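The structure appears right after this line, and notes come after that.
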Amino acid sequence: MEMKIPNPALEEEIRNVFANDSGGHDEAHIFRVVRMALRLCETQGGDRQIVYLAALLHDLDDPKRTGGRDGETALARALMQKYGYGAPTVQKVCAIIEKLSFKGQGRDVPETLEGKIVQDADRLDAIGAIGVARAFAYGGSRGRKMYDPDEPPAVGLSPEEYRRRKGSTVNHFYEKLLLVKDLMHTDAARRIAEKRHRETEAFLKAFLEEWEGKA
Ligand code: ADP
Ligand code: NI
């Protein structure tokens, strides 16, 4: 018998793993993605158990955290096995996690509805007020400048170039934040993304006006 959602012991493990991250992949991000993904399920359908696990475990094997390679799922797999989830569940969740990350072009798309829902939820957290805050938190944690007018943004980077970018956080808006609205899979997420996109654009406009002394 597989454990139903929520799974408090598993959540506690995740909380401990992400507790000390301040660079945008903190514990609060994980649980916002879990809540958003389950909210999307209400109108979009999908297997809530799969959505819950994929959202909860989606950043555990992230190379930015582990120093490992893209698309790995070893830690997520081991944790699900520890909590007694069966092989079909583990397989479905890992297939989602492998395809989730943006990596410069946003080209990887999970095949299942559950995967699309979790990818939408993860990307929604990268835009709007919280997305803006996460970008500057991440940039700060890597010692990046907020903005450098002499350095133009580059769009459509290869995964390697995207990871190696040392550019300003404002450039990251053009390289990711302003692109994700058009990459949503579900109608429910698209509606939320449109509002958050407008907020992201409004922030950027105000930032640049203030920078140039025009506002
Ligand atoms: P994914 O988890 O889909 O691969 P990223 O790892 O690119 O996405 O981003 C995770 C979080 O860190 C997001 O909030 C993103 O906007 C932020 N982030 C990633 N790279 C940068 C960067 N170069 N500058 C500022 N924020 C970044
Ligand atoms: Ni994430």
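In listed order, ligands and their atoms are each counted from 1. Predicted model only: the values in this text are computed from it and were never measured.
Of the N or O atoms in Ser101, one or more lie within a sub-3.5 Å distance of an N or O in ligand 1. Polar contact check, Tyr138 against ligand 1: no nitrogen or oxygen pair lies under 3.5 Å apart. The distance criterion of under 3.5 Å between nitrogen or oxygen atoms is met by Lys64 with respect to ligand 1.
Within the 4.0 Å heavy-atom cutoff, Asn171 does not count among the residues contacting ligand 1.
Taking the six-membered ring where the residue is Trp, Tyr147 and Phe207 present perpendicular rings, their angle passing 60° and hence far from 30°.
Considering Lys176, His172, Met146 only, the shortest heavy-atom separation from atom 17 (C) of ligand 1 involves His172.
Taking every heavy atom of both residues into account, Ile14 and Leu60 meet most closely at CD1-CD1, 4.2 Å. The minimum heavy-atom distance linking Glu151 with Asn171 is given by the pair OE1-ND2, 2.7 Å.
Side-chain polar atoms of Gln44 and Arg39 form no donor-acceptor pair below 3.5 angstrom.
Proximity to Arg144 (heavy-atom distance under 4.0 Å) selects the following atoms of ligand 1: 22 (C), 23 (N), 24 (N).
The Ni ion (ligand 2) sits nearest to atom OD1 when only the N, O or S atoms of Asp122 are considered. Considering just the N/O/S atoms of His58, the one nearest the Ni ion (ligand 2) carries the name NE2. Its N, O or S atom nearest to the Ni ion (ligand 2) is what matters here, and for Asp59 that atom is OD2.
Residue Glu175 does not touch ligand 1, judged by heavy-atom distances below 4.0 Å. Neither the backbone nor the side chain of Arg142 has a heavy atom within less than 4.0 Å of ligand 1. The residue Arg123 has no part lying near ligand 1, judged by heavy-atom distances below 4.0 Å. Of all the heavy atoms of Leu177, the ones lying under 4.0 Å from any atom of ligand 1 belong exclusively to the side chain.
The Ni ion (ligand 2) has no N, O or S atom of Asp125 inside 2.8 Å of it.
Within a 6.0 Å radius of CZ in Arg15, more than 12 heavy atoms belonging to other residues, nucleotides or ligands are found.
Panel note: side chain Tyr52, backbone Asn7; a donor-acceptor pair is recorded below 3.5 Å. When atom types are taken as modelled, the side chain of Arg196 and the backbone of Leu124 share a donor-acceptor pair closer than 3.5 angstrom.
Val109 and Leu100 end up in different hydrophobic clusters when Ile, Leu, Val, Met, Phe, Trp and Tyr side chains are linked at under 4.5 Å.
Here CG of Leu177 is found 10.5 Å from CD of Glu175. Values are rounded to the nearest 0.5 Å.
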